[in-house]
**Student:** 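Sharing a structure, written as structure tokens. Questions coming.
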Amino acid sequence: MGKEFHLEDRINAVPFEERDGLTIINLIRASVAKTPELIEEIFPGKQLIQRPLSPAERTKLAAKAAGKASRAAALERHERVVPIIKGVLERDPTASLAEIKAVLDKSGITPVRSSQWSRATINLIMIKAGIRAKD
């Protein structure tokens, strides 16, 4: 394996009197074509070619995507559940969390980690929405 050169070293290897814009551009093009990693010297974090992701990078991307999907699902669920809770409280301002739970369980909307709503989850949603709970 030959000695690795940085882009600056390659440019400095051109005699000073031969350095002009076109020569430098062609040198950069040829250097990057031979060694695509050199682009990171010009634009840190950028790549010209696709490279396989490391397991850690794949895990990080998957976790980020899962978090984004989870937040979107929670927001959508919140937007569907809050009007139901408000409807119950409009019909009966003294409705308990257990009564609201019964209505939500029959609504067909399920919480994230269960098949039925818990009073604690309903209470958290109500707090987030600024609705006061009775229990």
Side-chain angles (χ1 to χ4, degrees):
M1 220 103 172
K3 181 181 174 191
E4 291 186 30
F5 289 100
H6 293 282
L7 195 52
E8 185 178 354
D9 295 334
R10 292 176 186 203
I11 292 170
N12 288 336
V14 176
F16 187 76
E17 52 279 349
E18 294 177 22
R19 290 185 206 170
D20 60 17
L22 186 58
T23 303
I24 300 298
I25 289 171
N26 287 334
L27 176 67
I28 291 171
R29 280 186 183 137
S31 298
V32 170
K34 290 178 187 173
T35 316
E37 302 82 39
L38 288 176
I39 199 68
E40 290 192 35
E41 286 186 34
I42 302 168
F43 300 106
K46 298 291 181 185
Q47 301 169 1
L48 289 180
I49 59 169
Q50 291 289 339
R51 65 171 175 77
L53 296 176
S54 70
E57 290 170 322
R58 282 195 305 272
T59 301
K60 185 176 179 180
L61 284 175
K64 187 175 180 180
K68 186 176 179 181
S70 177
R71 284 187 298 278
L75 180 61
E76 188 267 334
R77 187 177 305 101
H78 182 81
E79 289 173 353
R80 292 175 59 201
V81 168
V82 169
I84 295 171
I85 295 171
K86 287 182 177 180
V88 170
L89 293 174
E90 284 174 8
R91 288 189 298 278
D92 180 7
T94 62
S96 68
L97 288 173
E99 292 167 329
I100 295 170
K101 175 189 177 323
V103 172
L104 285 175
D105 284 340
K106 292 177 185 174
S107 72
I109 303 169
T110 58
V112 176
R113 294 180 183 91
S114 179
S115 61
Q116 292 186 338
W117 290 93
S118 71
R119 292 185 309 175
T121 301
I122 296 167
N123 194 43
L124 288 173
I125 290 171
M126 292 174 71
I127 291 169
K128 185 177 178 182
I131 303 169
R132 183 101 170 107
K134 181 179 183 243
D135 291 5

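Counting from 1, the numbers follow the sequence of the chain as shown. Atoms considered below: every heavy atom in the structure, side chains included; atoms not considered: hydrogens, waters and symmetry mates.
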**Student:** Over all heavy atoms of both residues, which pair between Glu99 and Thr94 is shortest? Give the atoms and the distance, please.
**Tutor:**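 Minimum heavy-atom separation between Glu99 and Thr94: OE1-O, 4.1 Å.
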**Student:** Test your reading of the model: is there a side-chain donor-acceptor pair from Asn123 to the backbone of Arg119, 3.5 Å cut-off?
**Tutor:**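 No: the side chain of Asn123 does not pair with the backbone of Arg119.
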**Student:** Look up atom OG1 in Thr121 and atom CD in Gln116, then write down how far apart they are to the nearest 0.5 Å.
**Tutor:**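 That separation rounds to 12.0 Å.
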**Student:** If you measure from CG on Leu27 to CD on Glu18, what distance do you get to the nearest 0.5 Å?
**Tutor:**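 Rounded to the nearest 0.5 Å, the CG-CD separation comes out at 11.5 Å.
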**Student:** Any chance you could measure Ile25, atom CD1, to Asp20, atom CG, to the nearest 0.5 Å?
**Tutor:**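 Output value for this atom pair is 9.0 Å.
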**Student:** Salt bridge check: are Lys86 and Glu90 linked by an N-O gap of less than 4.0 Å?
**Tutor:**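 Salt bridge flag = no for Glu90 with Lys86.
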**Student:** Tell me whether Leu89 shares a hydrophobic cluster with Leu124, the cluster being built from Ile, Leu, Val, Met, Phe, Trp, Tyr side chains joined at under 4.5 Å.
**Tutor:**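 No.
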**Student:** What are the two closest heavy atoms between Pro83 and His78, and how far apart are they?
**Tutor:**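 Closest pair (atom of Pro83, atom of His78, distance): CD-O, 4.4 Å.
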**Student:** Which atom pair, heavy atoms only, marks the closest approach of Val14 to Arg19?
**Tutor:**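 The pair with the smallest heavy-atom distance is O-NE, 3.0 Å.
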**Student:** Kindly give the heavy-atom pair with the smallest separation between Ser115 and Thr110, and that separation in Å.
**Tutor:**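 Result for this residue pair: O-CG2, 4.0 Å.
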**Student:** How many angstroms lie between atom CD1 of Ile125 and atom CD1 of Ile131, to the nearest 0.5 angstrom?
**Tutor:**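 The CD1 atom of Ile131 is 9.5 Å from CD1 of Ile125, to the nearest 0.5 Å.
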**Student:** Check whether any side-chain N or O of Ser70 sits under 3.5 Å from a backbone N or O of Gly67 as a donor-acceptor pair, and report yes or no.
**Tutor:**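 No; zero donor-acceptor contacts below 3.5 Å.
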**Student:** Indicate the atoms forming the closest heavy-atom contact of Trp117 with Lys101, along with that distance.
**Tutor:**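 Heavy atoms of Trp117 and Lys101 come nearest at O-CE, 2.9 Å.
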**Student:** Quick one, Arg71 with Lys68, criterion side-chain contact (heavy atoms from CB on, under 4.5 Å). Give me CA distance, side-chain angles, the key distance, then yes/no.
**Tutor:** CA-CA 5 Å; Arg71 284 187 298 278; Lys68 186 176 179 181; 4.0 Å; yes
**Student:** Test side-chain contact (heavy atoms from CB on, under 4.5 Å) on Val112 and Arg77; report intermediate values, then the result.
**Tutor:** CA-CA 9 Å; Val112 176; Arg77 187 177 305 101; 3.0 Å; yes
